[in-house]
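What follows is a single structure, written as structure tokens, with notes after it.
Here is the naming used below: chain letters follow the sequence lines, and residue numbers restart at 1 for every chain. Computed from a prediction, not measured in an experiment: that's the story for all the values here.
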Amino acid sequence: MAGFRLFDLNPEQETAVRTTEGPLLILAGAGTGKTRVITARAAFLIAEGVAPEQVLAVTFTNKAANEMRERLATLIEKPQAKKVTMCTFHALCVRILRQDIEKLGYKRNFSIYDEGDQMGLIKKLITRTAAKDEKLDPSVAKNLISKAKNHAWNAPPDEQTLLGAVYLRYQAELKTLNAVDFDDLLVLTVKLLTEHADVRERWQRRFGYLMVDEFQDTNRLQLELVSHLADARNNVAVVGDDDQSIYGWRGAEVSNILEFEAHFPNPVVVKLEQNYRSTNAILNTANKLITNNPRRRPKQLWSAQGDGAKVRIVQMLDDRQEAEFIANEIATRQVTEHAKWEDFAVLFRMNAQARLIETNLRQLKIPYRIIGGKSFFDRREVKDLLAYASALLNTDDDVSLLRIINTPARGISPATVERATAISARKKCSVFAALSDEDFRSELTPRATASIDAFIELLDSFETRLNTPLTVQNGVLRDLIAKVGYLEDLRRSCKTPEEGLQREHSVMELMKQFTEYEGRSAEGLRGFLDEMMLRNERQDDDDELKGDGVTLITLHAAKGLEYPHVYLIGVEEGVLPHDRSKVEGTVDEERRLLYVGITRAQTTLALTWCHSRFKYGSVTPCTASSFLKELPPEWTEHRHAGQILNAPVEHAASGDRFAAMKAMLDRL
DNA sequence: AATCGTCTGCTTTTT
DNA sequence: GCAGACGATT
């Protein structure tokens, strides 16, 4: 094992790292150093003589993949680390499909549709298919289509129903658009590997050692994909925690991890239970809660860091008091405990709960940042530019074409567009091809014809430039933006100058990222677009909002993160567990959600609940969450917010209050 | 083509 | 209570 030491690993972690052959299940509880184990294991494999190209680590998010890559680079030499594949499931699928998708009847320049594109297409199909009196919610249709794909339901639903018809047409339409949605990336890759032994064997040879992160979140297709890739040597190591499975509603199958032995016989099973994050008061609270879940692999987190303070369960009059209490306390503790703002996090079940907290923090001039909300890639201007790129690279991509055909306005009216799509449907050609069609053009006014010609000319010229070898492609995109006057149009369409600046900034940001991309890759606009389409991540990593502040975050988004001081709010029946979980039979998953929330805390934790809450525009009475009864009395303490807010002034406390008040005044 | 008004319906959101 | 969607109106 030359050149590599098993730095500071505990015995279980070391076993996980040293077990290199055959199936391996690493049950990694919250805060037990799972990323460290994965990266150390990759490093160990390479130190043992495995070629770095042979190692594949699959994650769910780009963030996780990047983090691992960076960590690995600190363990082994950079050129070696670079050869290891660390990517998301979806990115891996794109790589596989870009090579061999032709075997499935798609073209290699296929476009990737995100949820917005998908919705647009489904809406179009519904209006095209529905009779006058029929109605179908597009998001219902979208969810069903996704579910069907993930369950590999080959038999389509009743074709007679509108839903069935839309379902069938959707798939056919995507294929003629030469496009795939996120689900297709997995479906088609699995199909390719199933039906084409040569391709399968090639990828099996390529990756001799597989690792899968967050295995509790894999769905059926992802499991199938892993099985296919692992088939030959079965060197598959998965890391996960069934207790943190909170994405069942998105198709994740906890059974993948619960029944791992059925999928990969005779694995070595390693349990990581030593937690490096929290106090034992916090861990024992979490441990006790989760034992109420019936289907799980028993685990007991423990820490060498001592008991710590008891977990506080604080009851409030209402959500107003809850927000006030939290803002006040954070302001005080920042001073008295010499804490930084970013040491505090407020966790909640629903985004709507953030609003009141936000207001109260703002009143006290406490800096904060909200994680979640709208994605960078959901912004209109970003979508527009990516649609331009996609339309240039894949002329069959009608969805992107239609998005930009009159953006900025260039005299192509909805009526004209409607005619073009009708022609394309009748002649079974792309909308772009329809634009040059004689039958179509004969229906137009001279004016409209001129606009159409200018548009065709525009796309043709830029397409030619893109296909010219050795061009700097981001220059092409830049010229395109200038040529169509995109920025001017963007500014004009904004209500406020602020908004205009914000949107312009997004465009600049996108271009900046493209420039960076061209610096590190030779894949050009195609590669850049792929990467962009597979990055739905929130904008918290761009430089502007990086700074400090109290974090406001949903329980889902908080998974994997940690904070010294956590406030988990709205622990009420109906909120957590959410009302809907009862009818859906997913209360266990809600319990895991609370478990995830509790285990985010490093040193202190407060759970709060209100006797009444403003909900959907009216005050509704609330009761404490039934989960609170499941917590261990010896590690928790119950309080009323009123007691704490109006606590009798003690000497120390009054000093604290005074200091906090002064600090606040200083911020003003 | 754009803007205004009213209706609805409402968790969570890795790609 | 509020956002987002859709339809009517200028």
Using a heavy-atom cut-off of 4.0 Å across all strands, would you classify [X] as base, sugar-phosphate, or nothing?
X: A:Asp183; answer: nothing
X: A:Phe614; answer: sugar-phosphate
X: A:Arg355; answer: sugar-phosphate

Could I get the full list of salt bridge (charged side-chain N to carboxylate O under 4.0 Å, His left out) partners for [X], not counting sequence neighbours?
X: A:Asp397; value: none
X: A:Arg355; value: none
X: A:Glu630; value: A:Arg591
X: A:Arg580; value: A:Glu584

Could you check how far NE2 of A:His90 sits from P of B:dT13, rounded to whole Å?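 The distance from NE2 of A:His90 to P of B:dT13 comes to 17 Å, rounded to the nearest Å.
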Distance-only criterion, 3.5 Å: show the donor-acceptor pairs between side-chain atoms of residues 568-576 of chain A and protein atoms not counting sequence neighbours.
| unit_1 | atom_1 | unit_2 | atom_2 | d |
| --- | --- | --- | --- | --- |
| A:Glu572 | OE1 | A:Arg613 | NE | 2.8 |
| A:Glu572 | OE2 | A:Cys610 | N | 2.8 |
| A:Glu572 | OE2 | A:Arg613 | NH2 | 2.8 |
| A:Glu573 | OE1 | A:Ser626 | N | 2.6 |
| A:Glu573 | OE1 | A:Ser626 | OG | 3.1 |
| A:Glu573 | OE2 | A:Lys582 | NZ | 2.8 |
| A:Glu573 | OE2 | A:Ser626 | OG | 3.4 |

Residues two or more places apart in sequence or in another chain: which of them pass side-chain contact (heavy atoms from CB on, under 4.5 Å) with A:Arg69?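 A:Arg69 satisfies side-chain contact (heavy atoms from CB on, under 4.5 Å) with A:Ala65, A:Asn66, A:Met86 once adjacent residues are dropped.
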Under the side-chain contact (heavy atoms from CB on, under 4.5 Å) test, residues paired with A:Leu174 that sit two or more places apart: A:Tyr113, A:Leu121, A:Lys149, A:Tyr170, A:Gln171, A:Ala179, A:Asp181, A:Asp184
Opening and closing nucleotides of DNA chain C in contact with chain A, under 4.0 Å to non-hydrogen atoms: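 Endpoints of the contacted stretch of DNA chain C: C:dG1 to C:dC2.
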Please write out each protein N/O paired with an N/O of nucleotides 6-11 of chain B under 3.5 Å, distance rounded to 0.1 Å.
| unit_1 | atom_1 | unit_2 | atom_2 | d |
| --- | --- | --- | --- | --- |
| B:dT11 | OP1 | A:Tyr616 | OH | 3.0 |
| B:dT11 | O4' | A:His578 | NE2 | 3.4 |
| B:dT11 | O4 | A:Glu584 | OE1 | 3.0 |

